[in-house]
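Taking it in order: structure first as structure tokens, then the write-up.
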Amino acid sequence: MSRAVCPGSFDPLHNGHLEVISRAARLFDEVVVAVSTNYAKTYRFDLDQRMAFCAESLAHLPGVSVLPMGGGLLAEFCREQGATAVVKGLRSGLDFDYELPMATMNRHLADIDTVFLPTDTEFAHVSSTLLKEVASLGGDVTPFVPDAVNRHLQKS
């Protein structure tokens, strides 16, 4: 049985994330969506909210589970989960340049391979940071986020 981890802060989860996770679910028997906490970051949504967004939005995908990932190493989390791969979505070459050193380090730390999936061009411009900014200024982000997230972005 193959198991992969899709890590991220998912603050908030958006349709680009969903697209990559759903493709990962076709490639692996099990996918663990690891909702991370980086204590150096300020989050708009707390861990429980981000976990709930992921759980609600991914419930229809068989073999996908959502777990919190503390501030430890991704390689160690993967080892604890019995995962053999990390799945990361790439929007551009800039993402690749950022992700490649981490992928190489994870391979050295825990013999974990990283699978890079290029995002669908429909979502290549979408980032959580951009969506939070647009929503905070009154813009409509409905086409880019699941309903669970959209409801909360409109409230805040």
List the atom of [X], the atom of [Y], and the distance in Å for their closest heavy-atom pair.
| X | Y | result |
| --- | --- | --- |
| Leu109 | Ala75 | CB-CB, 3.9 Å |
| Leu117 | Ala24 | CD1-N, 4.1 Å |
| Leu47 | Pro68 | CD2-CB, 4.0 Å |
| Pro101 | Tyr98 | CD-O, 3.6 Å |

Next item on the list: Among residues two or more places apart or on two chains, list those pairs meeting salt bridge (charged side-chain N to carboxylate O under 4.0 Å, His left out) that have a residue in residues 89-118.
Entry: Lys88-Glu99, Arg91-Asp95

Next item on the list: Keeping to residues at least two apart or across chains, list the salt bridge (charged side-chain N to carboxylate O under 4.0 Å, His left out) pairs with something in residues 7-20.
Entry: Asp11-Lys132, Glu19-Arg23

Check: Listed by chain and number, what are the side chain to side chain contact (heavy atoms under 4.5 Å, CB included) partners of Ala148, not counting sequence neighbours?
Finding: Phe53, Glu56, Ser57, Arg151

Which distance, rounded to the nearest 0.5 Å, do you find between the [atom1] of [X] and the [atom2] of [Y]?
| X | Y | atom1 | atom2 | result |
| --- | --- | --- | --- | --- |
| Leu74 | Ile112 | CG | CD1 | 8.0 Å |
| Met51 | Leu13 | CE | CG | 12.0 Å |
| Ile21 | Cys54 | CD1 | SG | 6.0 Å |

Taking [Y]'s backbone N and O only, do any of them form a donor-acceptor pair with [X]'s side chain (distance below 3.5 Å, no angle check)?
| X | Y | answer |
| --- | --- | --- |
| Arg50 | Ser9 | yes |
| Ser36 | Met69 | no |
| Tyr43 | Asn38 | yes |
| Asn150 | Val141 | no |
| Ser2 | Asp29 | yes |
| Asp46 | Gln49 | yes |
| Arg3 | Thr84 | no |

Say whether [X] and [Y] are linked into one hydrophobic cluster, either directly or through other cluster members, by side-chain heavy-atom distances under 4.5 angstrom.
| X | Y | value |
| --- | --- | --- |
| Val149 | Leu130 | yes |
| Val20 | Val126 | yes |
| Val31 | Val66 | yes |
| Phe10 | Leu61 | yes |
| Met102 | Val87 | no |

Heavy-atom side-chain proximity of [X] to [Y] below 4.5 angstrom:
| X | Y | answer |
| --- | --- | --- |
| Cys78 | Val86 | yes |
| Phe45 | Leu153 | yes |
| Val35 | Leu67 | no |
| Thr121 | Pro118 | no |
| Leu131 | Val145 | yes |
| Val33 | Leu58 | yes |

Next item on the list: Take atom CD of Glu80 as the centre, draw a 6.0 Å sphere, and report whether it contains more than 12 heavy atoms from other residues, nucleotides or ligands.
Entry: yes

Check: How about Met105: does its CE atom have over 12 heavy atoms from other parts shown lying under 6.0 Å from it?
Finding: no

Next item on the list: Have a look at Phe144 and tell me which of His125, His14, His17 forms a ring pair (Phe, Tyr, Trp, His ring centres under 6.0 Å) with it.
Entry: His125

